[in-house]
Amino acid sequence: MAERQRPFGSQALPFSTPLSVSARLTTRPKEMAKMIPIEALSRMLENGKVSDASGSVRDHYPVVRIVSPDTGASWILSELSPHNRDLAYGLYDPGIGATSLGWVSIAELTAARSPRGVLLDLDRRFRPDGRMSWYTEKAKQRTGRIPSIPT
C-alpha cells in the first residue's frame, strides 16, 4: 500500500489555535478515549502493529470517523502508530474537496475547535463500507470529498 508519510496533523488545520509540540506529546489514553472509545483505539493499534510488521501502511478498514459538525471537515482513521500512540493514520477531508492520506495527532483532534469554537466529534453512526483504498477512490470520484453515507 502507501509508504509512511510525515504526519499531516503537524500541518496547519482549519481550526482556531494550533497546538504546541508539548500538547501533542502529552496525550494520555484517557484524553484520547474522550473522543475515541478504548475498543476502537485497541483495533487501531492492532492495525498499526500489522502495518509496522510489514514495513508499510496496510489497506485496513477504517475504524472511526471524526467530524467537525459545523465545518464539514472529517477524518476516517484506520490505525495508530505502535511507536507513537498519538499518531493515527487515515484520510482527511477539510470539507472543501481536497482529501489527503497521512498521519494526524490524536491530541490535536481531541483539543481542536472549529472557528466557531465547536469541538470535533466521533461519528457514532459510522460503519465502514470498504477499506481505506475504497474511501480514497470514492473521494477522488466525488471531487475530493469522503462519502458520508453508504453508496
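M44 and I36 get closest at one heavy-atom pair: SD-CG2, 4.4 Å. Between T71 and S114 the shortest heavy-atom distance is CG2-CB, 3.8 Å. Taking both residues in full, the closest heavy atoms of V67 and S74 are given as CG1-CB, 4.0 Å, listed atom of the first, atom of the second, then distance. Closest approach of P128 and P62 over heavy atoms only: CG-O, 3.4 Å. For A88 against L80, the heavy-atom pair with the smallest separation is CB-CD2, 3.9 Å. Contact between S68 and L120 at its shortest, heavy atoms only, is CB-CD2, 3.5 Å.
The closest side-chain donor-acceptor pair between D93 and T99, if any, does not fall under 3.5 angstrom.
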*Is there a side chain to side chain contact (heavy atoms under 4.5 Å, CB included) between T136 and L101 once you walk through the steps?*
CA-CA 8 Å; T136 303; L101 277 170; 3.7 Å; yes
*Could you give me the CA-CA distance, side-chain angles and deciding distance for S133 and D59, then say whether side-chain hydrogen bond (donor to acceptor under 3.5 Å, both in side chains) is met?*
CA-CA 6 Å; S133 60; D59 192 16; 2.6 Å; yes
*Please step through side chain to side chain contact (heavy atoms under 4.5 Å, CB included) for the pair L109 and W75, ending with a clear verdict.*
CA-CA 9 Å; L109 292 178; W75 293 257; 3.5 Å; yes
_Please determine whether side chain to side chain contact (heavy atoms under 4.5 Å, CB included) holds for the pair D121 and I66, giving the CA-CA distance in whole Å, both sets of side-chain angles, and the decisive distance to 0.1 Å._
CA-CA 6 Å; D121 197 14; I66 307 296; over 6 Å; no
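Using a 4.5 Å heavy-atom threshold, the side chains of M35 and L119 count as separate. At a threshold of 4.5 Å between non-hydrogen side-chain atoms, the residues Y135 and R65 do not count as touching. With contacts defined as side-chain heavy-atom distances shorter than 4.5 Å, the pair V64/F126 does not qualify.
No donor-acceptor pair under 3.5 Å is formed between the side chain of Y89 and the backbone N or O of R58. Between the side chain of D86 and the main chain of A107, a donor-acceptor pair closer than 3.5 Å is present. Under a 3.5 Å cut-off, the side chain of N47 and the backbone N or O of H60 do not form any donor-acceptor pair. The main-chain N or O of R85 is never found under 3.5 Å from a side-chain atom of S81 such that the two would form a donor-acceptor pair.
When the side-chain contact (heavy atoms from CB on, under 4.5 Å) test is applied to R124, the partners found at least two apart in sequence or on another chain are P37, L122. For E46, the side-chain contact (heavy atoms from CB on, under 4.5 Å) partners are K49, not counting sequence neighbours.
Neither M132 nor V50 shares a network with the other; the hydrophobic side chains, linked directly or stepwise wherever heavy atoms of I, L, V, M, F, W or Y lie under 4.5 Å apart, form separate groups for each.
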